[in-house]
Protein chains: 2
Amino acid sequence: MESRCENCIVRQFNSLRAMSKEELKRVSDSKTTKTIKKGESIFREGEKLDGVFCVRDGISKLSKLSANGKDQIVKLASKGEVIGQRSVVAEESVNLSAVAVSDMEVCFIPKDGIVSTLHTNPNFTLEVLRHMAHDLKEADDVIVNMSQKNVKQRIAEAFIYLKTNFGEDEEGYLKLVLSREDISNVVGTAIESCIRIISEFKKKGYLKTSGKRIGIIDEKALNNLVEGF
Amino acid sequence: MESRCENCIVRQFNSLRAMSKEELKRVSDSKTTKTIKKGESIFREGEKLDGVFCVRDGISKLSKLSANGKDQIVKLASKGEVIGQRSVVAEESVNLSAVAVSDMEVCFIPKDGIVSTLHTNPNFTLEVLRHMAHDLKEADDVIVNMSQKNVKQRIAEAFIYLKTNFGEDEEGYLKLVLSREDISNVVGTAIESCIRIISEFKKKGYLKTSGKRIGIIDEKALNNLVEGF
DNA sequence: GGTAAAAACTGATAATTATCATATTTTAAA
DNA sequence: TTTAAAATATGATAATTATCAGTTTTTACC
C-alpha cells in the first residue's frame with residue numbers, strides 16, 4: 001500500500017471526506033489501486049459491482065448502448081469523482097459502461113466499507129446524497145439540452161464544457177482529446193454531422209484543429225450560438 | 001389536521017417510511033394539506049423552497065424552460081412521490097417547475113423536520129438516497145432516449161409509458177389526459193410534428209382518439225417501433 | 001345553447017440531420 | 001521508413017423535423 005486515503009487530496013472532492021478517521025482507515029486498508037490505459041474499460045453496463053472506483057487521475061466516459069447500436073456518453077468523470085456509486089447504493093447492476101478516455105489511475109474500494117458506513121454515519125450518507133442530488137440536476141439539464149438544442153448548439157456547448165472542465169494546453173488546444181466519434185456520442189449525433197460542424201466552426205474561425213486535437217479560438221461566438229443568437 | 005402521515009398509505013411509496021414514529025409525528029404536526037387545481041403551479045424554477053411536497057393524489061409535470069422558450073417536461077410525478085426533495089437536500093433553489101396536469105392533493109412538509117432527520121437517521125437518509133439513485137438512473141435513460149431515438153419512437157414510447165404508469169379507463173383511453181403540447185414537451189418536439197405522428201398512428205390503427213383523449217389499440221406495434229423494427 | 005377562445009389539425013415548405021459513398025489524412029505497427 | 005488500418009473529411013442525397021399559414025374542432029364560459 002504505497003498511499004493512504006487519509007493523505008489523498010482527491011478525497012477532498014468527494015463524499016469520502018465525510019467519513020470518520022476509523023471508517024476511512026478501514027476503506028484505505030481494503031482499497032486497491034489500478035492503472036487503466038486509455039481505451040480500456042473499468043466496467044460494463046449490466047455488470048454487478050462489488051465496489052466503487054475513486055478516480056485519482058485521468059478521465060472516464062460513462063456511456064450507455066442504445067438500441068441503434070450507438071453509445072451515448074452521459075457523463076465524463078475525472079479526478080475526485082466516485083464512479084459506480086449509484087449502482088452500489090441502489091443495489092442494482094450498473095446501467096452505464098465506464099471506459100477510460102485517457103490513461104487513468106483509480107482506486108477500487110470494496111463495497112462493504114461503503115455500505116456499512118452508509119448505514120451508520122448520516123454525515124457520510126448525506127454527503128453522498130448531496131453529490132447524487134448534484135448529478136441529478138446535471139442530468140436534468142442534459143435532458144433539456146438534448147431535446148431543445150440543435151446539433152450545432154450542442155457541439156458548441158460541448159467544447160465550452162471541455163474547456164472549462166478539463167482546460168487547455170500551452171498551445172491553446174483542449175487538454176482532453178476526444179475522438180470525433182466520442183464527441184458525436186456526447187452530443188448524440190452522427191459522426192459525419194459532427195465533423196462537418198467542426199469544419200464549419202473552423203472556417204468561421206471559432207476553432208482550430210491539429211490532428212485530432214481541437215482548440216477554441218472564439219469562445220464568445222460559441223457561447224452566442226448556444227444562447228441562440 | 002384531518003389526516004395524519006402515520007396513517008397515510010402514500011407514505012409507503014416514499015422515503016418517509018424510513019422515519020421513526022417520533023420523527024414522523026413531528027412531520028405530521030407541521031405539514032399542511034393543499035388542493036391544487038389542474039394547471040396551477042406548485043413551484044417555479046428558481047424559487048427557494050422551504051419544504052417538500054408529498055403527492056397524495058393527482059399528477060404534476062416537472063419541467064424546465066429552455067432558451068428557445070419551450071418547456072421540457074423532465075418527469076411526471078404521481079401519488080407517493082416527494083417533489084422538491086432534490087432542492088432541499090442540495091440546499092439550492094429548484095431547477096424545475098412543478099405544475100399540476102390533473103387536480104391534485106399534496107402535503108407541504110416544512111424542511112426543518114426533513115433536514116434534521118437527514119442529519120440524524122441514516123436509515124432515512126439512505127432511503128432518500130436510494131430514491132434519488134433511482135431517479136438518476138431514469139434520467140440517464142431519458143438522456144439516451146432523447147439523443148438516440150427519433151421523434152416517432154419517442155412518441156410511441158411516451159404512450160406506452162403513460163399506459164403502464166397511469167393506466168387506462170373503461171373505454172380504453174389513457175387515464176392521464178395530456179394536451180398535445182404537453183406530449184410535445186415530454187418528447188421534445190414541435191406540437192405540429194407531434195400531432196402529425198398521432199394522426200399517422202391513428203391511420204395505422206395503433207391509436208384511437210376522442211377529443212384530447214388518446215387510447216392505445218396496438219401496443220405491440222408501438223413497442224416494435226420503439227425497438228426499431 | 002351560443003359564442004369566443006383555445007386547442008387540435010393539415011398542407012406547403014424550409015431547415016436540419018442522417019446516410020452512403022468515397023477521398024484524404026493521421027496513426028500505429030511491421 | 002513503409003504500409004495497412006483507422007480516423008478524419010467532404011460531397012451528394014435522402015430522411016427527418018421544424019416552421020409558417022391557415023382551417024376545423026373542441027372547450028369553457030356567459
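Worth knowing before you read on, the calculation uses all heavy atoms, side chains too, and leaves out hydrogens, waters and symmetry mates.
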Practice item. Calculate the interatomic distance between A:Ile195 atom CD1 and C:dT22 atom C1'; express it in whole Å. Key: 13 Å
**Study point:** Separation of C:dG11 P from B:Lys203 NZ (nearest whole Å)
**Key:** 7 Å
Check your understanding: So which nucleotide from D:dA9, C:dA8, D:dT17 ends up closest to the side chain of B:Ser193?
Key -> D:dT17
Review point. Expressed in angstrom and rounded to an integer, what is the separation of B:Glu192 atom CD from D:dT16 atom P?
Key: 19 Å
**Study point:** Value in whole Å for how far the P atom of D:dT10 lies from CD1 of A:Ile198
**Key:** 11 Å
Check your understanding: Looking at residues at least two apart in the chain, or sitting in another chain, which of them share a salt bridge (Lys or Arg N to Asp or Glu O under 4.0 Å) with B:Lys111?
Key -> none
**Study point:** Side-chain H-bond candidate by donor/acceptor type, B:Gln72 with A:Ser147, under 3.5 Å
**Key:** yes
**Study point:** Between B:Glu81 and B:Asn14, a side-chain donor and acceptor under 3.5 Å
**Key:** no
Study note, to complete from the structure: Separation of D:dA9 atom P from A:Leu207 atom CG, nearest Å, is 11 Å
Revision key, fill the gap. Separation of C:dA15 atom C1' from A:Gln153 atom CD, nearest Å, is 13 Å
Check your understanding: Would you call the rings of A:Phe201 and A:Tyr206 parallel, tilted or perpendicular, where under 30° means parallel and over 60° means perpendicular?
Key -> tilted
Check your understanding: Tell me, which of residues 168-182 of chain A have any heavy atom that sits under 4.0 Å from an atom in DNA chain C?
Key -> none
Point to revise | Given C:dG11, C:dC20, C:dA8, the nucleotide with the shortest approach to the side chain of B:Arg196 | key: C:dG11
Point to revise | Proximity to the side chain of B:Thr189 - top-ranked nucleotide from D:dA18, C:dC20, D:dA21 | key: D:dA18
Practice item. Look at the side chain of B:Lys212 and decide which nucleotide, out of D:dA9, C:dA18, D:dT27, has an atom nearest to it. Key: D:dT27
**Study point:** Length of the line joining B:Ile183:CD1 and C:dC9:P, which is rounded to integer Å
**Key:** 9 Å
Revision key, fill the gap. Output for pair (B:Lys175 NZ, B:Asn165 CG), nearest 0.5 Å, gives 12.5 Å
Revision key, fill the gap. Nearest-nucleotide check on DNA chain C, A:Ala190 vs A:Ser210; residue mapping nearer the 5' end is A:Ala190
Exercise for review: Answer yes if the side chains of A:Glu171 and A:Ser210 hold a donor-acceptor pair under 3.5 Å, and no otherwise.
Suggested key: no
Check your understanding: Checking all strands, does A:Ser199 fall into the base, sugar-phosphate, or nothing category for heavy-atom contacts under 4.0 angstrom?
Key -> sugar-phosphate
Exercise for review: Take the protein atom CD1 of B:Ile214 and the nucleotide atom C1' of C:dA8, then report the distance between them rounded to whole Å.
Suggested key: 10 Å
Check your understanding: Just checking, any donor-acceptor pair under 3.5 angstrom between side chains of A:Ser97 and A:Glu47?
Key -> no
Practice item. Taking only the side-chain nitrogens and oxygens of B:Lys70, find out if one of them lies under 4.0 Å from OP1 or OP2 of D:dT19. Key: yes
